[in-house]
Amino acid sequence: MKQILIILVLTSILGLNVSAQKGLAAGAKAPTFMGVDQNGNKIDLQNILKKHQSVVLFFYRGQWCPYCNKQIKELQDSLQLLTAKNAYVIGVTPETADNIAKTIKKTKAGFSIIQDKDDEIMKAYGVNFMMDDATFAKYKGFGVDLEMNNGNTRHTLPVPATYIIDRSGKIKFVYFDPNYKKRASISNILTQL
C-alpha cells in the first residue's frame, strides 16, 4: 500500500511538469513508424493498415505507473471487442524490453507493445515531454529510476495519449490530456472504430 501511495504522489508531481504539448489533431496524416514488439514481430504501421481497418495507438509511461497499468488491463479486457471491429492495438513506451515484460506480466497484455528507444514515435505524434531534474530526483528517491527503466538518460516520457488511425493513414480520433489520470475510455474507442 505504501508503494502505491508513493507512486501516486510521484505521478501527481510528474503531471504538473508536462509542457504545452498538443499532440496531433484528428484529420492529420498519421506519421508512419516501425518497431519490434515484445514477441519479436516487426510492427510497421503501413503494413498493419493494409490488413486491418484501423489501429488503436496509445502511449504509456511505464510499468511503474498504476494508471498506465489500469489502461492496459482495460484494453486487454476489451481486446476481443476491438479486434471484432478489425482494429489492431499498439502500445508505445520509452521503457526497455525487460520493463515491457514486467508490464505484460502485470497486465496480461496480449497486443503489440513496442519500445520507442529514441523517442522518435513520441516526437512524431507530439506526445513527448522532458522531466525536469528536480522531479527526476524525487522519482529516484521514491525508487522509480527512469534512466534504468528507459535505458537512457533523456528523462523523456509521453503524455498518455490515444490515437485511432484509419486504413487510409489518417488520424480519425485523438484523446490527448496531459492529466496522467485521464485516459481514453474503451467505450469512446469502440464508438470511434
Side-chain angles (χ1 to χ4, degrees), residues 14-15 17-52 54-65 67-68 71-72 75 87-104 107 109 111-133 135-136 139 144-178 180 183-184 189:
L14 182 58
N17 292 309
V18 175
S19 63
Q21 292 288 58
K22 291 186 176 31
L24 299 178
K29 179 97 173 124
T32 60
F33 60 86
M34 287 190 254
V36 177
D37 74 7
Q38 73 274 18
N39 299 314
N41 299 318
K42 184 178 177 182
I43 303 300
D44 179 334
L45 179 63
Q46 289 179 318
N47 287 339
I48 290 171
L49 288 172
K50 289 176 185 174
K51 299 173 187 172
H52 297 275
S54 57
V55 166
V56 176
L57 175 68
F58 74 99
F59 294 85
Y60 78 93
R61 297 173 182 207
Q63 53 83 25
W64 51 268
C65 173
Y67 296 97
C68 297
Q71 177 188 26
I72 293 168
L75 285 164
Y88 191 91
V89 179
I90 304 171
V92 176
T93 181
E95 68 181 347
T96 64
D98 288 341
N99 286 304
I100 289 172
K102 289 177 185 177
T103 296
I104 292 167
T107 64
F111 46 80
S112 292
I113 298 177
I114 59 176
Q115 180 188 12
D116 192 3
K117 289 182 184 179
D118 298 317
D119 307 336
E120 291 176 8
I121 303 170
M122 290 186 293
K123 287 176 185 174
Y125 282 81
V127 301
N128 61 302
F129 70 93
M130 300 293 293
M131 180 187 289
D132 63 51
D133 291 338
T135 305
F136 172 77
Y139 265 60
V144 177
D145 186 340
L146 285 185
E147 291 180 358
M148 292 292 293
N149 196 65
N150 297 350
N152 63 57
T153 59
R154 289 188 300 275
H155 308 168
T156 306
L157 290 175
V159 170
T162 301
Y163 293 90
I164 296 177
I165 304 163
D166 70 17
R167 182 167 268 166
S168 73
K170 295 230 174 173
I171 297 172
K172 181 178 177 181
F173 169 80
V174 177
Y175 186 89
F176 184 97
D177 191 328
Y180 64 92
R183 310 294 171 107
I189 293 169

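One-based numbering along the sequence shown. When reading the values below, keep in mind they use all heavy atoms of this one structure, side chains included, and skip hydrogens, waters and symmetry mates.
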Check: N39 main-chain N/O paired with D37 side-chain donor or acceptor under 3.5 Å: yes
Rounded distance (nearest 0.5 Å) linking atom CG of L75 with atom CZ of F58: 5.0 Å
I want to check something: taking the side chain as every heavy atom from C-beta on, are F111 and V56 in contact at a cut-off of under 4.5 Å? no
Do S168 and D166 have side-chain N/O donor and acceptor atoms under 3.5 Å apart? yes
Would you call the rings of H155 and F136 parallel, tilted or perpendicular, where under 30° means parallel and over 60° means perpendicular? parallel
Taking the side chain as every heavy atom from C-beta outward, state whether N150 and L157 have any pair of such atoms under 4.5 Å apart. yes
I want to check something: taking the side chain as every heavy atom from C-beta on, are L146 and W64 in contact at a cut-off of under 4.5 Å? yes
Just by distance, do the side chain of D119 and the backbone of M122 share a donor-acceptor pair under 3.5 Å? no
Working for side chain to side chain contact (heavy atoms under 4.5 Å, CB included), residues K42 and N47: CA-CA 10 Å; K42 184 178 177 182; N47 287 339; 6.0 Å; no
For the residue pair F59 and V159, establish whether any side-chain heavy-atom pair is separated by less than 4.5 Å. no
Residues L49, I165; criterion side chain to side chain contact (heavy atoms under 4.5 Å, CB included); working and verdict: CA-CA 8 Å; L49 288 172; I165 304 163; 3.8 Å; yes
A124 versus P31, closest heavy-atom pair with distance: O-CG, 3.4 Å
With a 4.5 Å cut-off on side-chain heavy atoms, are T103 and T93 touching? no
Mind checking whether R183 and Y67 have side chains closer than 4.5 Å, heavy atoms only? yes
When rounded to the nearest 0.5 Å, the distance separating CD of E147 from CZ of R154 is 10.5 Å
Just how far is it from atom NZ of K102 to atom CD1 of I104, taken to the nearest 0.5 Å? 13.0 Å
Heavy atoms of A161 and F176 approach each other most closely as CB-CD1, 3.8 Å
Does any N or O in the side chain of E95 come within less than 3.5 Å of the main-chain N or O of Q63, such that one atom is a donor and the other an acceptor? yes
Give the intermediate values and the outcome of side chain to side chain contact (heavy atoms under 4.5 Å, CB included) for residues Y163 and V127. CA-CA 11 Å; Y163 293 90; V127 301; 3.8 Å; yes
Heavy-atom pair with the smallest gap, counting every atom of I164 and S54: CG2-CB, 4.1 Å
Residue pair I121, I114: steps toward the side chain to side chain contact (heavy atoms under 4.5 Å, CB included) verdict: CA-CA 10 Å; I121 303 170; I114 59 176; 3.8 Å; yes
Pairwise distance OH(Y175) to OG1(T162) - rounded to 0.5 angstrom: 8.5 Å
Q38 and I100 have their tightest heavy-atom pair at CB-CG2, 4.1 Å
P160 to R61 - nearest heavy-atom pair and separation: CD-NH2, 3.5 Å
Can you tell me how far the CG atom of N128 sits from the CE atom of M130, to the nearest 0.5 Å? 8.5 Å
Out of curiosity, K170 NZ to K29 NZ, how far, rounded to the nearest 0.5 Å? 7.5 Å
Close side-chain approach of Y125 to V92, heavy-atom, < 4.5 Å: no
Would you check if L24 and V174 make a side-chain contact, meaning some heavy-atom pair closer than 4.5 Å? no
